[in-house]
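Here is the structure we will look at.
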Amino acid sequence: MDEDGVIEPLVDDDLAEAAGEVTSDYDPSDGETTFGSLTSSVGEHVWEYGRPRRYHAYRYGRYPIPNDEEEYKRESLRHMMLKELLGGKLYLAPIGDNPQKIIDLGTGFGEWAIEVGEKFPSARVTGVDLSPIQPHWIPPNVDFIVDDIEDQWVHANDFDFAHFRFVHSIIRASRTALRNVLENLKPGGWVEIKDILPRVSSDDNTVSPEHPLAKFYTMVGSALREKYGFNIWIMETLPSLLEELGFVNIQRKVFHMPLGEWARDSHLRVLGGYYREVMVDFVSAMAARPLVEAGLDKEEIADLVRDINVVLSNRRIHAYTPIHFVWAQKPPA
């Protein structure tokens, strides 16, 4: 950021590096479906808390993240935001020009898997999610299956690239999921994980400890951990976990994403506008479950949602949160 607390423009190079971005390398020392058969519960959904929100109801019970039309809009906006951030790129891992088997874990509505399938028409791309919410019209080299990525996989170790996006903060067993990936990558194959680290900051002290989004993260983080076993701060320790599991060539890249359209640079204002809308919609989605489970009543939830909307529209508050990209390699044979 410059002396006025404004993030400098992104530099348009191969990794879309940013002057206002924190980066660090973590250098440790040293056509068949791929999952089991579907269960009869894959099409089940739950409508509750008096809201028209549809939730997953598969295997281990209900997840607090909706998978309805509003969530589709948020995921689409988030997809566009990340492509804007990376100058159109879909990943940062050095997977080469000819990957043949790619798996998108927690694929959601499937946009990333579809676009990767279009980019690599000779590759087989598989998207896996808890719910059958993906489109029916897809490239011929893309397929979607319903299963739980935390379960034991039952296929051979032949993937070139495994991809997670905004998944690890809402699963119970990151270690299990990543061990499954390691066992099912080809030697020399890559995994990439990207997610938000939910800490609200600023470089000019315009973000106070009472920032309502920080309050929201604290309440939701505690509720998700106690009720569901999720760890929304997993990205802090993910490189160490990858090293423990046996991955090599572990790299991390961190982007400070502006919350709102306060930046002087037009590119960053676009990113900030995307991110504000994503976060406002996310807070509204979480209001239906985790905030209730955290003990807030309807009036308190409405006040918090309103306060977050107001503060993220205030251009005098130069808030950002980090988005982490972490990629690592299975040791070559």
Side-chain angles (χ1 to χ4, degrees), residues 1 5-12 15-23 65-66 70-92 108-109 111-112 164-170 193-204 206-208 211-218 220-221 232-233 235 253-287 304-326:
M1 290 191 179
V6 178
I7 297 178
E8 295 292 339
L10 292 172
V11 179
D12 186 18
L15 288 180
E17 293 201 0
E21 152 199 18
V22 177
T23 64
I65 311 298
E70 290 301 312
E71 181 67 4
Y72 171 72
K73 293 176 184 177
R74 186 173 70 88
E75 278 203 14
S76 294
L77 190 60
R78 194 169 59 183
H79 178 68
M80 289 188 292
M81 179 186 77
L82 289 187
K83 287 182 65 178
E84 177 77 15
L85 174 66
L86 299 181
K89 293 179 182 293
L90 293 167
Y91 53 85
L92 294 180
F109 293 89
E111 289 176 299
W112 186 93
F164 296 89
R165 185 171 68 173
F166 301 111
V167 173
H168 273 268
S169 59
I170 53 168
I193 305 102
K194 57 197 75 167
D195 215 323
I196 295 168
L197 179 63
R199 301 197 189 283
V200 187
S201 305
S202 68
D203 287 352
D204 58 0
T206 54
V207 172
S208 72
H211 193 288
L213 188 58
K215 178 182 178 182
F216 165 80
Y217 280 141
T218 298
V220 167
I232 67 172
W233 297 282
M235 296 306 290
K253 194 170 187 69
V254 179
F255 294 90
H256 284 175
M257 287 291 293
L259 280 160
E261 298 170 288
W262 53 263
R264 290 177 177 174
D265 176 72
S266 59
H267 184 203
L268 292 170
R269 282 200 302 274
V270 170
L271 287 173
Y274 280 148
Y275 200 28
R276 182 194 63 211
E277 294 304 313
V278 166
M279 291 310 304
V280 169
D281 289 348
F282 177 68
V283 170
S284 297
M286 292 296 95
L304 180 60
V305 172
R306 184 199 63 235
D307 291 346
I308 290 173
N309 202 354
V310 168
V311 77
L312 294 189
S313 299
N314 186 343
R315 297 189 181 188
R316 295 183 179 180
I317 299 176
H318 303 150
Y320 60 80
T321 62
I323 294 183
H324 287 226
F325 289 70
V326 178

Describe, in one word, how the ring planes of Phe255 and Phe325 are oriented to each other, choosing from parallel (under 30°), tilted (30 to 60°) and perpendicular (over 60°).
perpendicular
Minimum heavy-atom distance Leu304-Pro212, with the two atoms named
CD1-O, 3.7 Å
Go through Ile196 and Tyr275 one step at a time and tell me if the side-chain contact (heavy atoms from CB on, under 4.5 Å) criterion holds.
CA-CA 11 Å; Ile196 295 168; Tyr275 200 28; 3.4 Å; yes
Measuring from Leu82:CG to Glu84:CD, what's the distance to the nearest 0.5 Å?
10.5 Å
Non-hydrogen side-chain atoms of Ile317 and Trp262 separated by less than 4.5 Å
no
Applying side-chain contact (heavy atoms from CB on, under 4.5 Å), run through His211 and Leu312 and close with a yes or a no.
CA-CA 10 Å; His211 193 288; Leu312 294 189; 4.2 Å; yes
Side-chain contact, heavy-atom cut-off 4.5 Å: Thr206 with Asn314?
no
What closest approach, in Å, do Ser202 and Val207 show between heavy atoms, and which atom pair accounts for it?
OG-N, 3.2 Å
Please enumerate all residues that pass side chain to side chain donor-acceptor pair (under 3.5 Å) together with Lys83, with sequence neighbours excluded.
Glu115
Here the pair of heavy atoms bringing Thr321 nearest to Leu197 is CB-O, 4.2 Å
Derivation and outcome, side-chain contact (heavy atoms from CB on, under 4.5 Å), residues Tyr320 and Asp203
CA-CA 9 Å; Tyr320 60 80; Asp203 287 352; 2.6 Å; yes
Quick check on side chain to side chain contact (heavy atoms under 4.5 Å, CB included): which of Met257, Arg276, Glu261 does Leu271 satisfy it with?
Met257
Nearest non-hydrogen partners of Trp112 and Arg165, listed with the distance
CB-NH2, 3.7 Å
Nearest non-hydrogen partners of Met279 and Leu259, listed with the distance
CG-CD2, 3.6 Å
Apply side chain to side chain donor-acceptor pair (under 3.5 Å) to Arg315 and list each qualifying residue two or more places apart in sequence or on a separate chain.
none
Check the pair Leu92, Leu86 against side-chain contact (heavy atoms from CB on, under 4.5 Å), reporting the backbone distance first and the verdict last.
CA-CA 9 Å; Leu92 294 180; Leu86 299 181; 4.0 Å; yes
Suppose we screen for side chain to side chain donor-acceptor pair (under 3.5 Å). Which residues come up paired with Arg269, at least two apart in sequence or across chains?
none
